[in-house]
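Proteins come first, then strands; the chains are lettered A, B, ... in the order of their sequence lines, and each starts at number 1.
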There are 2 protein chains.
Amino acid sequence: MTTIKDVAKRAGVAVSTASLAINQSDRVSKETAEKVLRAAAELQYQKNGWARDLKMKKTMMIGLVLHDLSGSFYAPIIKGIEQTLHSYGYGLIACSTIGENLGTAERFLRERRVDGVVVFSSDIKDEVLSEISREKFPVVVLDREFSHPNLYSVVVNNDQGGYQAAEHLIKLGHKAIGYISGPSNNRDSELRTIGFTKCLTEHGYPSIPFAWHIKGDYSQNGGYQAAKLLLQQKTLPTGVFVSNDQMAIGALEAFSEAGIQVPETIQIIGFDDIELSRYIRPSLTTIKQPKFEIGATAAHLIIQHIQGDEPNKHTVLPTEVIQRESTGPLY
Amino acid sequence: MTTIKDVAKRAGVAVSTASLAINQSDRVSKETAEKVLRAAAELQYQKNGWARDLKMKKTMMIGLVLHDLSGSFYAPIIKGIEQTLHSYGYGLIACSTIGENLGTAERFLRERRVDGVVVFSSDIKDEVLSEISREKFPVVVLDREFSHPNLYSVVVNNDQGGYQAAEHLIKLGHKAIGYISGPSNNRDSELRTIGFTKCLTEHGYPSIPFAWHIKGDYSQNGGYQAAKLLLQQKTLPTGVFVSNDQMAIGALEAFSEAGIQVPETIQIIGFDDIELSRYIRPSLTTIKQPKFEIGATAAHLIIQHIQGDEPNKHTVLPTEVIQRESTGPLY
DNA sequence: CTGTTAGCGCGTTCAA
DNA sequence: TTGAACGCGCTAACAG
């Protein structure tokens, strides 16, 4: 392992001179600089980032902790974070918490390897968050609202989204409305439900009949199973709100297998606007989460905090209806 | 910023004792340990990873450099790397090279922040690779074959894949075969072409007529355009090999717009087996790249090298035909 | 079992 | 412009 010491020795200068030369300082003569650089090249010198960070007390890197690095849901969020960070000269490094592997993630969080961190993984518990968020180490969470000094949160307006879903179905003229909801211990799902039922109530609709309200687990298969269950009921609703796209895709599959036409016989609106929703047939009408903006906002919050600002601790982003083939005028 | 020093002072012990206590050594009495831990908690002490790494000379983390962190193509590869790494107690941190942002990536590569690195981004030039791959710092590349000490490569057998694509079409009885190839300066594309034409020749087929061989750019829109061009020819082939799924999906769209039935009128086989291929209608027959295995192999190579082994420098993984709806018995 | 000492590799004084 | 000395936070070796 060749260090800056070796380089200095080979170039016949002091370590500090070598350091200056390598860091492009103009406080060193051209010839010396060249000598040093040549020595560095000959020795295949690579600087040691750890030592540098240790001295500098900053890394110009922000960490991103995801549940699953390879989840396609995250893609636009990552893009949003990355672009924003780059424009401020910061880099992004990411890791996941999947597979009980809290090791890497917690090292990110606890061991100050980065200048700040964005967390989007329910594997990281609230208590851990409050332990790690400290002065000069901003943390942004994307999947919950949680108050703590130096901790920020960015969430989407699930309540509003649920409301919009109901509104969309109502405007299309649906009278018989069903609901495939998320897991009952899930906060997002709960909020979507609240907004959804609120809208229905406001428009004078009765509450969803028990037979038309199925609980799913947010997975594609869960949606498939839920739809199967729905199909066993005596009568079918004409419009169904499925509280995430993953499940909606599963439901679509179940309907297709049962020979039920979408949107002719039954119409579906999802939630999230994942990439697949645009490609499946029929394409899926859905409530879009502004994922890119979520990421961009998170990154901005981090940067602002680092720069000494005190931005709002809590950001709520709006949702939006994306109309596609799975809903439309009634037949 | 509270350091281990502060903790030691507060607990009334030496720094080294504090260090031992914090690192769960049994060389320290229970009471002392407790005292130290309590002090650490009170001061909200978080250890500094940089300093630790600096001392330890290893991080137990492997870096992954991707062109685009949010690319869905990479998902299974990431999974393969991650799972393997975890089973050896290593963690994974990833960054991208998108947006001219070589900064972060090169810091990964050059500044020894990780114990090894997997590179899957053509943004990292060959020369950079040879500069950084040094003893005790294994590098695995996934998108090219490149020989250098301490550098490993894992690639898929593109040649074989091309061959299988041709074979598949031939077995189905296609006589009129077309080809939408990738960019001509692309090595993968070139190899796929070689295998493809080799198989055709071996089976006594003439070379693809000029009118039926269109060049695309590996993008979805590129495939769309290429298919449009194909549609303008006097006669149409009955089977087309499109050298990646992205383009195949674009082509499918073009055919659909033109009212041409797949697989009834024309049949398509792609390459890659990206996630979408399973979901679009008609679903896409394709040559599967064993992405999970690519990742797992890469991770294994890194670990083996770290452990002092000398695994094969060059691994070629087999491809496989995945039969779906876009090809089938001829009508 | 605990404290002392000596680095790890780098960047930054401060004199020279 | 250069070089010696120091410190970053932590751990390992060695005494006590």
Side-chain angles (χ1 to χ4, degrees), chain A residues 1-37 39-40 43-61 107-108 110-115 132 134 136-137, chain B residues 1-40 43-61 107 110-115 134-137:
Chain A
M1 282 225 296
T2 119
T3 77
I4 198 171
K5 255 184 198 156
D6 306 318
V7 175
K9 194 183 296 171
R10 177 158 188 132
V13 300
V15 178
S16 60
T17 313
S19 171
L20 289 177
I22 288 168
N23 290 305
Q24 318 273 9
S25 165
D26 43 1
R27 286 172 46 202
V28 62
S29 72
K30 218 163 173 198
E31 307 91 54
T32 333
E34 199 169 314
K35 218 163 44 181
V36 171
L37 262 19
L43 294 170
Q44 294 200 55
Y45 167 75
Q46 301 288 354
K47 70 171 95 174
N48 185 323
W50 311 324
R52 178 168 225 271
D53 295 344
L54 181 55
K55 189 65 190 176
M56 297 313 219
K57 301 186 163 197
K58 61 174 180 178
T59 61
M60 295 304 282
M61 293 199 288
R107 283 166 70 188
F108 256 52
R110 313 197 104 106
E111 302 183 357
R112 309 176 179 167
R113 283 162 199 283
V114 287
D115 297 345
I132 54 141
R134 46 192 186 276
K136 308 272 168 136
F137 191 80
Chain B
M1 279 223 298
T2 119
T3 77
I4 198 170
K5 255 183 198 158
D6 305 320
V7 175
K9 195 182 295 170
R10 177 159 190 132
V13 299
V15 178
S16 58
T17 312
S19 172
L20 288 176
I22 288 168
N23 291 305
Q24 317 274 9
S25 165
D26 42 2
R27 284 175 45 203
V28 61
S29 75
K30 221 166 172 196
E31 306 92 56
T32 327
E34 201 169 310
K35 216 163 44 179
V36 171
L37 261 19
R38 187 147 20 86
L43 294 170
Q44 293 201 55
Y45 166 75
Q46 302 288 355
K47 69 171 99 174
N48 185 322
W50 310 324
R52 180 167 222 273
D53 294 345
L54 180 56
K55 187 66 188 176
M56 297 313 216
K57 299 186 163 195
K58 61 173 178 178
T59 62
M60 295 303 282
M61 293 200 286
R107 283 166 70 189
R110 312 196 105 105
E111 302 184 358
R112 309 176 179 169
R113 289 189 148 79
V114 287
D115 296 344
R134 46 191 187 279
E135 205 187 350
K136 308 270 171 137
F137 191 81

### Message
Between B/Asn48 and D/dC8, is there a contact of a side-chain N or O with OP1 or OP2 at under 4.0 Å?
### Response
no
### Summary
Between A/Tyr45 and B/Ala14, the residue closer to the 5' end of DNA chain C by nearest nucleotide is B/Ala14
### B/Lys30 or B/Leu54, whichever maps to the more 5' nucleotide of DNA chain C
B/Lys30
### Query
Given C/dG3, D/dC8, C/dC10, which nucleotide is nearest the side-chain atoms of B/Thr17?
C/dG3
### Query
If you check every side-chain atom of A/Thr3, which of C/dG3, C/dC10, C/dC1 has the closest atom?
C/dC10
### Message
Tell me the interatomic distance from B/Arg113, atom CZ, to C/dG9, atom C1', rounded to whole angstroms.
### Response
13 Å
### Query
Between B/Ile4 (CD1) and C/dG3 (C1'), how many Å, whole number?
14 Å
### Query
Backbone N or O of A/Thr59 within a donor-acceptor pair of the A/Asp115 side chain at under 3.5 Å?
yes
### Query
Whole-Å distance between C/dT4 P and B/Lys5 NZ?
13 Å
### Task
Take atom CD of B/Glu111 and atom C1' of C/dG11, then tell me their distance rounded to the nearest Å.
13 Å
### Query
Does B/Asn23 reach the main-chain N or O of B/Ser25 with its side chain, forming a donor-acceptor pair under 3.5 Å?
no
### Summary
Side-chain atoms of A/Thr32 come closest, of D/dC10, D/dT1, C/dC10, to D/dT1
### Query
Does B/Arg112 offer a backbone N or O that forms a donor-acceptor pair with the side chain of A/Trp50 under 3.5 Å?
yes
### Distance below 4.0 Å between B/Arg52 side-chain N/O and D/dT11 OP1 or OP2
yes
### Message
In whole Å, I'd like the distance from the CE atom of B/Met60 to the P atom of D/dT11.
### Response
15 Å
### Task
Decide yes or no for B/Asp6 and B/Tyr45: does some side-chain heavy atom of the first lie under 4.5 Å from some side-chain heavy atom of the second?
no
### Task
Would you indicate what B/Asp53 reaches in the nucleic acid, counting non-hydrogen atoms under 4.0 angstrom: base, sugar-phosphate, or nothing?
nothing
### Message
Contact between A/Gln46 and B/Glu111 at the side-chain level, heavy atoms closer than 4.5 Å - yes or no?
### Response
no
#### Entry: Rounded distance (Å) that lies between atom P of C/dG9 and atom NZ of B/Lys58
16 Å
### Query
Just checking A/Val15: base, sugar-phosphate only, or nothing, at a heavy-atom cut-off of under 4.0 Å?
nothing
#### Entry: Length of the line joining B/Arg112:CZ and C/dC10:C1', which is rounded to integer Å
11 Å
### Task
Starting at atom CD of A/Gln46, determine the distance to atom C1' of C/dG9, rounded to an integer number of angstrom.
14 Å
### Query
Out of C/dG11, D/dT1, D/dG3, which has the shortest distance to the side chain of A/Ser29?
D/dT1
### Base C/dT5 to side chain B/Ser16, donor-acceptor N/O within 3.5 Å cut-off
no
### Task
Identify which nucleotide among D/dA12, D/dC14, D/dT1 has an atom closest to any side-chain atom of B/Lys55, counting heavy atoms from C-beta outward.
D/dA12
### Task
Before accepting this row, confirm whether a basic side-chain N of the pair B/Asp53/A/Arg113 lies closer than 4.0 Å to the acidic partner's carboxylate O.
yes
### Query
Looking only at side-chain N and O atoms, does B/Lys57 come under 4.0 Å of OP1 or OP2 in D/dT11?
no
